[in-house]
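Only a predicted model underlies this, so the values are computations on that prediction, with no experimental measurement involved.
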Amino acid sequence: MSLPQLKNDILLRSLLREPVPYTPVWLMRQAGRYLPEYRATRAEAGSFMGLAQNKEYACEVTLQPLRRFDLDAAILFSDILTVPHAMGLGLDFVHGEGPQFAHPIKDEDDVKRLAVPDMAKLQYVFDAVNLIRRELDGKVPLIGFAGSPWTIACYMVEGRGSADYRKIKGMMYGRPDLVHQILEINAQTTIQYLNEQIRAGAQAAMIFDSWGGVMADTLFQEFSLAYTKKVVDGLIRDNDGRRVPVIVFTKGGGQWLEDIVQCGADAVGVDWTVNLTRARQRLQDQVAFQGNMDPMVMFGGAEAVTKEVRRVIDDFGVVGKGGHVFNFGHGISQFTDPEMVKVLVDEVHSYSAKMHQA
């Protein structure tokens with residue numbers, strides 16, 4: 001079945017550093033708990049996994065923010081941990097505690113049992129991608145995503161989120177060979193996973209290296225970036241007659257921009273610790289940038305949001321040979337007032353349009 005043609009391709013053009021009339025904007029976790037309609041749909045689904053594994057529910061919550069705000073992209077509603085769940089680690093979302101695995105990786109025997117899962121176990125994700133593309137009817141592009149091999153490994157070994165990454169780092173220092181085995185399996189799985197999303201209709205792909213920034217220098221390059229590059233190298237980059245841009249985001253990775261740009265992504269996501277002016281100078285406009293407002297600005301009132309939007313856009317400067325996609329430097333808080341999101345989106349569009357015309 002052919003999919004609807006894209007009507008607003010400004011996000012894709014910006015990611016590919018092509019001329020655009022304004023700076024496009026989407027927000028990490030834009031489909032989520034800050035929206036009352038999301039909370040109602042999640043309650044109807046009964047659980048987070050009930051929401052994520054049902055294509056109709058996943059489609060509904062993906063589209064909800066686009067009904068409220070003039071966003072320039074939709075992002076698939078799912079979770080990066082669906083991948084290790086398909087490997088048999090037993091993912092559950094415990095109320096008030098977040099994701100937990102029933103069978104985390106503890107030793108060499110656990111690593112030996114790991115294997116790239118049959119993508120049929122993740123068919124619900126690809127079905128959701130296809131349905132979302134059809135329901136979007138070409139309004140904006142759809143972004144598919146996955147966690148980086150390192151970030152996924154952190155959850156697989158820790159069993160849940162961690163404050164100090166003691167277990168995965170202990171394994172990395174004590175048995176680096178085991179961690180490399182995990183990362184290789186994760187990389188091969190992620191390549192297949194993202195390519196299936198692209199075949200199903202995703203028009204851009206994002207790799208979330210959420211915990212790359214917790215590593216020491218040189219170890220980041222060896223255990224995180226090398227495997228992210230392996231994923232990027234294995235991705236479908238042209239589909240249905242268009243380039244499929246790839247975004248790599250390492251939270252806390254601003255000190256490694258020169259290394260990250262070598263992974264082959266079209267765009268690099270940055271958090272709020274990065275100065276966009278200096279980042280562009282450092283990388284000489286080799287890639288587009290995505291970011292990088294602190295999501296906590298949203299609690300400072302409309303005037304603060306407007307001021308910070310303008311500062312971020314001014315910091316990046318005129319598009320020129322480099323593209324900019326406005327976003328937060330991390331996911332939107334569940335406590336955010338949706339009205340502040342409207343202020344942000346409208347200001348990004350109106351202010352950047354004036355700058356682009358200057």
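- For Lys251, the side chain to side chain donor-acceptor pair (under 3.5 Å) test picks out no residue, with sequence neighbours left out.
- Residues passing the ring pair (Phe, Tyr, Trp, His ring centres under 6.0 Å) test with Phe48, sequence neighbours excluded: Phe77, Phe93.
- With sequence neighbours excluded, no residue satisfies ring pair (Phe, Tyr, Trp, His ring centres under 6.0 Å) with Phe299.
- For residues 74-91, the side chain to side chain donor-acceptor pair (under 3.5 Å) pairs, not counting sequence neighbours, are Thr82-Tyr193.
- By the side chain to side chain donor-acceptor pair (under 3.5 Å) test, Ser210 pairs with no residue at all, sequence neighbours left out.
- Sorted by first and then second residue, the pairs that involve residues 255-265 and meet side chain to side chain donor-acceptor pair (under 3.5 Å), not counting sequence neighbours, are Asp217-Trp256, Gln221-Asp259, Glu258-Arg282.
- Scored by the side chain to side chain donor-acceptor pair (under 3.5 Å) test, Lys7 finds Asp137 as partners (sequence neighbours excluded).
- Within the structure, every pair that satisfies the side chain to side chain donor-acceptor pair (under 3.5 Å) test and touches residues 325-344, not counting sequence neighbours, is listed here: Lys342-Asp346.
- Residues meeting the ring pair (Phe, Tyr, Trp, His ring centres under 6.0 Å) test with Phe249, sequence neighbours left out: none.
- Partners of Asn239 under the side chain to side chain donor-acceptor pair (under 3.5 Å) rule, at least two apart in sequence or in another chain, do not exist in this structure.
- By the 30° and 60° cut-offs, the orientation of the rings of Tyr155 relative to Trp211 is tilted.
- With sequence neighbours excluded, the residues that form a ring pair (Phe, Tyr, Trp, His ring centres under 6.0 Å) with Phe208 are Phe145.
- Residues in residues 46-58 take part in these side chain to side chain donor-acceptor pair (under 3.5 Å) pairs, two or more places apart or across chains: Glu44-Tyr57.
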